[in-house]
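Please read the structure below before turning to the comments.
A, B, ... follow the sequence lines: proteins, then strands. Residue 1 opens every chain.
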Amino acid sequence: MQTIVPKALRRPAHRARLHYRTRKELWCLAFIAPQLILFILFTLYPTIMSYVYAFFNWNGYGSLKDFAGLANFKETLLDPYFWNAFRNSLLFMVALVAIQVPLALLMALLLDANWLRGKVFYRTLYFLPVVTTTAVVGLVMRFVFGAYKGLLNEVLLTLGLIDTPVNWLGSTETAMTIVILVGIWKSFGMKLVYWLAGIQSLPKELFEAARIDGASPWQLLRYLTLPLLIPVGSVILLISAVNALHVFDLVKTMTDGGPAFQTDMVDLYIYRYAFSGSGEARIGFASAAGVLYGIVVMLISVLLGLLVKWSGGRKASGAA
Amino acid sequence: MKKKLKFAPVLVVHTLLLGLGLIWVFPFIWMITASFKTNNEYITSGINLVPQQIQFSNFARAWETARFSVYFWNTLIVTVSVVVIIIALCSLTGYAIGRFRFRGRLLFVSAITATLFMPKGYTIISIYSLVNALGLNNSLWGIIIAEVGGGHVLFILLFVAYFRGLPKELEESAEVDGSGFVRTFATIMLPLAKPIIATTAIMQFMWSWNAFLMPLTLTLSKPELRTLGVGMFQFVGENTMDWTGMAAAASISLVPILAVFIMLQRYFIEGVAGAVKG
């Protein structure tokens, strides 16, 4: 840009062209302006403010005057409930990434097979939980795993596998497992579609050539499909991990962190302090917890991002 | 590929996929059939799916008494407004970025891309106070503007990629014909972007219909503004014993989005796939 402007000025004949360019540029700015204004107001400003709030004792009303320094951060770091929620969030993330992502890959490979009919039907079937309102999922899961007349208990009782109903979501031993299972079920379809997209973007000619050279289906999978999927896979891993670290709706509606904080997650912990139903809201403290957790999530994202970069995932993901 | 697979293994795969699929969606089937039962029947019927007598009293109770009619319209208004505004914003932005180079372009693109990994949860406090400060706290506009205010990187990038791919001659010939910047966009470029508009509409419809945290926070003290998801959540707390009423309420929240999805699922899954491929 800067090199073009003086050149154009030196030659008067090009003034009209300059004018034309400037007008276009102004139109471009006008086109992005609405988005930019909303972005600044509802994304950039709130992000910056959440860092500011973290240094104050503030209940959400009145002015920010009670400067707390690092006290909120210190309190968070010393709070065993924060670390409990932190551990649960990590556990949820690791479980989802380790179980859901590979299973979705298996299913995607199966649903990509040429000989299989009714693929659209199956994709729709497995995608359904993704489309569903999470609050409804939370409720439905209470029906399914409820102690009293819950679906799972009814099935197990009918089959004679248990004698008395089990309180799946109310028991400290089973609640987290159920939350993880439902978490896997809820977003499985999304990961399935990601993998399918990855598989379908692989170069067809390569597979044709290998097939002509006499490669078996297993060899194709082992030496072509899987290695070629590593870049896309690392992007899927990154998205899955970050999403899982911010689980909120599902746990809020299903267990609300209970029983006895067994399924509490950091985002629930933050919400509790920011919009606590009972007692004074502690927005400064909630923000400090948010900032600390945000740093951890960012570190994990950066690590996975390096993996993405190392595996060439950026190229594969299109860098649109 | 050329080698025909034997019948038996294919049958086994289908049986497995169908069986797992049935378990996969069984909770929904169970819930929808429960919404036609009486509370009494729900308790005694065990795993029996078929209601003795189909009756709609649960729906009437949820729709009127539990005010799901209000929540339904709130959700519809919010969802449709958000979808329309986001398509407008993202197509404008995508056109400018995709077809022109201008000062600040790179900065803008980097800024919105950075928000892709930014947590939504922590900014809710400031968004909440901002909505209050703008005086939008007692209207659906508060929810709409808060949902519209995100980065929407995915949709912007989809529009950018699409507009970039269109031939340069389109614009040039329009200019020769005397069409200005805005008219070229509105009458030539935007109509060409129909596939991306469809993808954006479907995906955003689903996200907005299912949104939870933002509407929950912004309607904490205003029950008349609740959306379906929030209404559902509050309903569970208030009516713990009304199983079939809750099932009916859940069905009301679920059936419209399921219908939209099943009708448009082909575009939807292609859209997601396209977005991943970028």
Output side-chain donor-acceptor pairs under 3.5 Å for residues 16-33 of chain B, partner residues at least two apart or in another chain, one line each.
{"unit_1": "B:Trp24", "atom_1": "NE1", "unit_2": "A:Tyr126", "atom_2": "O", "d": "3.3"}
{"unit_1": "B:Thr33", "atom_1": "OG1", "unit_2": "B:Ile29", "atom_2": "O", "d": "3.1"}
{"unit_1": "B:Thr33", "atom_1": "OG1", "unit_2": "B:Trp30", "atom_2": "O", "d": "3.0"}

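Proximity to chain B involves both the backbone and the side chain of A:Thr253, based on heavy atoms less than 4.5 angstrom apart. Looking at B:Ala211, there are no atoms closer than 4.5 Å to chain A (heavy atoms on both sides), in backbone or side chain. Using a 4.5 Å cut-off between heavy atoms, A:Met298 does not touch chain B at all. At a 4.5 Å heavy-atom cutoff, the contact between A:Leu110 and chain B is made by side-chain atoms alone. With a 4.5 angstrom heavy-atom cutoff, B:Leu130 touches chain A only via side-chain atoms. Within the 4.5 angstrom heavy-atom criterion, atoms from both the backbone and the side chain of B:Phe212 approach chain A.
Counting heavy-atom pairs closer than 4.5 Å to chain B, the top-ranked of the candidates A:Thr132, A:Leu38, A:Ile283 is A:Thr132. Each of A:Val136, A:Leu151, A:Leu125 has some count of heavy-atom pairs under 4.5 Å with chain B, and the biggest count is that of A:Leu151. Interface summary for chain B: among A:Trp185, A:Tyr45, A:Phe188, A:Phe248, the most heavy-atom pairs under 4.5 angstrom belong to A:Trp185. Of all the listed residues (B:Ile257, B:Leu216, B:Ile145, B:Leu258), the one sharing the greatest number of non-hydrogen pairs under 4.5 Å with chain A is B:Ile145. Heavy-atom pairs under 4.5 Å with chain B were tallied for A:Val140, A:Val137, A:Ile48, A:Leu111; the largest tally goes to A:Val140. Of all the listed residues (A:Ile37, A:Leu139, A:Val144), the one sharing the greatest number of non-hydrogen pairs under 4.5 Å with chain B is A:Leu139.
Contact of the A:Phe31 side chain with the B:Val182 side chain is registered, since non-hydrogen atoms from C-beta on lie closer than 4.5 Å. Side chains of A:Leu128 and B:Phe261 form a contact here, defined as non-hydrogen atoms less than 4.5 Å apart. A:Leu116 is listed as a side-chain neighbour of B:His14, based on a closest heavy-atom distance under 4.5 Å. At a threshold of 4.5 Å between non-hydrogen side-chain atoms, the residues B:Leu228 and A:Thr133 do not count as touching. A 4.5 Å side-chain heavy-atom check between B:Phe233 and A:Asp249 finds every atom pair outside the cut-off. Contact check for A:Cys28 versus B:Tyr95: no side-chain heavy atoms found under the 4.5 Å cut-off.
Atom CD of A:Gln35 and atom CD1 of B:Ile86 lie 8.0 Å apart (nearest 0.5 Å). Here the CG-CG distance, from A:Leu41 to B:Leu134, works out to 7.0 Å after rounding to the nearest 0.5 Å. The structure places CZ of B:Phe100 at 12.0 Å from CG of A:Leu29, a figure rounded to the nearest 0.5 Å. Between B:Leu89 atom CG and A:Ile32 atom CD1 the span is 11.5 Å, to the nearest 0.5 Å.
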For the pair A:Phe42 and B:Glu147, evaluate side chain to side chain contact (heavy atoms under 4.5 Å, CB included) and give the outcome as yes or no after the intermediate values.
-> CA-CA 9 Å; A:Phe42 285 93; B:Glu147 270 185 49; over 6 Å; no
Take A:Val131 and B:Trp209, measure what side chain to side chain contact (heavy atoms under 4.5 Å, CB included) needs, and give me the verdict at the end.
-> CA-CA 9 Å; A:Val131 211; B:Trp209 190 273; over 6 Å; no
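Atom CD1 of B:Ile262 has more than 12 heavy atoms from other residues, nucleotides or ligands within 6.0 Å.
The two residues B:Ser129 and A:Tyr53 come nearest to each other via the heavy atoms OG-OH, 3.7 Å. The minimum heavy-atom distance between B:Ser126 and A:Ser50, with the atom names listed, is OG-N, 4.1 Å.
A salt bridge links A:Lys24 with B:Glu175; the closest basic N to acidic carboxylate O contact falls under 4.0 Å.
Using cut-offs of 30° and 60° for the angle between ring planes, the B:Phe181 and A:Trp27 rings count as parallel.
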